[in-house]
Amino acid sequence: MEGRTHPARLWRPLKDGAVQCRLCSHFCVVAPGGRGQCGVRENRARDGVGDFVTLVYGLPAAMNVDPVEKKPLHHFLPGTRTFSFGAMGCNMGCTFCQNASLSQPPRLGRGVTGHLAGPAELVDAALESGSKSISYTYSEPTIFFELVEDTAKLARTRGLKNILVTNGFMSAECLDACGPAETGLIQAANVDLKAFSEDFYRERCGAALAPVLKNLKHMRGLGWWLEVTTLLIPGLNDGADELKALAGFIASELGPDTPWHISRFHPDYKLLDRPVTPHESLLAARDTGRAAGLRFVYVGNASGPGFGDTLCPSCGKTVIRREGFRCAPCGVQGGTCLECGQGLPGVWA
Ligand code: SF4
């Protein structure tokens, strides 16, 4: 079903009915009648005056109740459910997108569809499902920001936390509108750090790396609980030097307690000429992360001994065992290691 249009936020009028969108780091200038790169924000100028609208307000296209481990977040209310939804569209055009049927059609000028559901219905559904949080996910939540903002505001008043699963390419204004974890809308984020090369972001995603790095530090400053994910693509972003630099950035700029999720690639969308990430590459990347000083490095989308387990960084005991998305705390209570009493970083209650 097609949705109703809704006033867009974070834009400014320009001359001759054009507008500039301020929501993400593309800062699209949109002529009357045109849409931004994401394909879901349109300039409905009238009488030479720009009027910017979103086409995806109240129109989630994918909805599920997921384990929070699936986002992935391993240190944010582990073992709980999170009500998850996303609308169509994205501000990136990654050739390896694993959710292309949801993210890419609007960028290609195709229709925008979904289920009619506004903030109140979404929050009611989250509470009925027994979830402790709402995750804005599946596609890029920046491009359905108005729905995120209104849903997250309501969710907070009803005791739910809010999670962004994002490519991190939003604008600083967008982050400031989300606000600090304590008093604002968002309490946690998993951010894709897709590579550590501007060439990769430009050629493979149609975006840029620098804003993502800046935004990660901005989110840290806002006090959000942060975890980072890198999809490891053979021959494209898995070079030893690149991974060393990427892991070094996380450790030095975001802190060694920031969990890093290394995710196995499988061929998808336009990137069909690369193999599934070999097991050895996943293990080598995990070693690189640990050597950089990261205390929590996880391997996802693959099975192997200890890939998803959380170990106490002080005594080395396994405190949470994970098999797929099943999570079994076995040595932690309230964020404290039962063996040695070490406090574990994260949000536990
Ligand atoms: S959200 Fe980003 S891609 Fe979409 S119109 Fe705004 S600046 Fe452009």
Side-chain angles (χ1 to χ4, degrees), residues 1-61 85-93 102-122 136 139-155 162 164 166-179 184-186 202 205-208 210-212 214-215 218 222:
M1 177 178 293
E2 290 194 6
R4 295 175 287 266
T5 59
H6 188 88
R9 296 169 200 157
L10 298 180
W11 60 279
R12 67 184 181 109
L14 301 174
K15 283 194 302 188
D16 302 325
V19 300
Q20 184 185 40
C21 181
R22 306 287 306 170
L23 187 52
C24 93
S25 291
H26 285 307
F27 298 112
C28 297
V29 171
V30 185
R35 291 184 185 177
Q37 287 192 43
C38 55
V40 297
R41 296 168 79 74
E42 187 170 290
N43 183 358
R44 300 255 171 108
R46 275 167 299 178
D47 305 325
V49 179
D51 183 18
F52 210 35
V53 299
T54 166
L55 308 179
V56 289
Y57 190 90
L59 199 65
F85 72 85
M88 289 187 79
C90 189
N91 53 358
M92 290 194 187
L102 186 68
S103 68
Q104 298 303 306
R107 291 175 59 85
L108 305 171
R110 301 196 187 126
V112 178
T113 59
H115 314 280
L116 288 177
E121 288 103 321
L122 292 164
Y136 308 92
S139 55
E140 173 50 43
T142 302
I143 58 89
F144 57 95
F145 170 72
E146 291 80 5
L147 182 59
V148 172
E149 189 175 40
D150 290 354
T151 307
K153 262 184 201 158
L154 184 60
N162 293 295
L164 279 190
T166 173
N167 60 29
F169 195 64
M170 63 282 281
S171 63
E173 291 105 303
C174 174
L175 283 177
D176 286 335
C178 291
L185 305 179
I186 302 298
R202 187 178 58 253
C205 309
V212 179
K214 205 166 151 199
N215 286 340
H218 192 154
L222 291 170

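Note that the structure is a prediction, hence the values are computed from the model and not measured. All residue numbers refer to positions in the sequence shown, counting from 1.
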So, the side chain of [X] versus the backbone of [Y]: is there a donor-acceptor pair under 3.5 Å, distance only?
{"X": "His26", "Y": "Asn91", "value": "yes"}
{"X": "Ser171", "Y": "Leu23", "value": "yes"}
{"X": "Thr5", "Y": "Thr54", "value": "no"}
{"X": "Asn43", "Y": "Ala45", "value": "yes"}

For this session: From the options Leu147, Asp150, Leu154, select the one residue that forms a side-chain contact (heavy atoms from CB on, under 4.5 Å) with Leu122.
Result: Leu147

From [X] [atom1] over to [Y] [atom2], what is the distance, rounded to the nearest 0.5 angstrom?
{"X": "Cys174", "Y": "Arg22", "atom1": "SG", "atom2": "CZ", "answer": "12.0 Å"}
{"X": "Arg41", "Y": "His6", "atom1": "CZ", "atom2": "NE2", "answer": "10.0 Å"}
{"X": "Glu121", "Y": "Leu116", "atom1": "CD", "atom2": "CG", "answer": "8.5 Å"}
{"X": "Phe169", "Y": "Cys24", "atom1": "CZ", "atom2": "SG", "answer": "5.5 Å"}
{"X": "Ser139", "Y": "Met92", "atom1": "OG", "atom2": "CE", "answer": "13.0 Å"}

Exercise. Which of these, Asn162, Thr166, Thr151, sits in a side chain to side chain donor-acceptor pair (under 3.5 Å) with Tyr136?
Worked result: Asn162

Exercise. Arg9 and Glu173: salt bridge (charged side-chain N to carboxylate O under 4.0 Å, His left out), yes or no, with the steps?
Worked result: CA-CA 11 Å; Arg9 296 169 200 157; Glu173 291 105 303; over 6 Å; no

Exercise. Can you check side chain to side chain contact (heavy atoms under 4.5 Å, CB included) on Val56 and Glu146, steps first, answer last?
Worked result: CA-CA 9 Å; Val56 289; Glu146 291 80 5; over 6 Å; no

Search all heavy atoms of [X] against all heavy atoms of [Y] and return the closest pair with its distance.
{"X": "Glu42", "Y": "Phe52", "answer": "O-CD1, 3.2 Å"}
{"X": "Arg46", "Y": "Asp51", "answer": "NH2-OD2, 2.9 Å"}
{"X": "Met170", "Y": "Asn215", "answer": "O-ND2, 2.7 Å"}
{"X": "Cys28", "Y": "Gly36", "answer": "SG-CA, 4.0 Å"}
{"X": "Val40", "Y": "Pro106", "answer": "CG1-CB, 3.7 Å"}
{"X": "Ala61", "Y": "Thr113", "answer": "CB-O, 3.6 Å"}

For this session: State yes or no: are the ring centers of Phe144 and Tyr57 separated by less than 6.0 Å?
Result: no

Problem set entry | Criterion side chain to side chain contact (heavy atoms under 4.5 Å, CB included) on Cys90 and Asn167, from CA distance to verdict | CA-CA 10 Å; Cys90 189; Asn167 60 29; 4.1 Å; yes

Exercise. Does some side-chain heavy atom of Met88 sit less than 4.5 Å from a side-chain heavy atom of Leu59?
Worked result: no

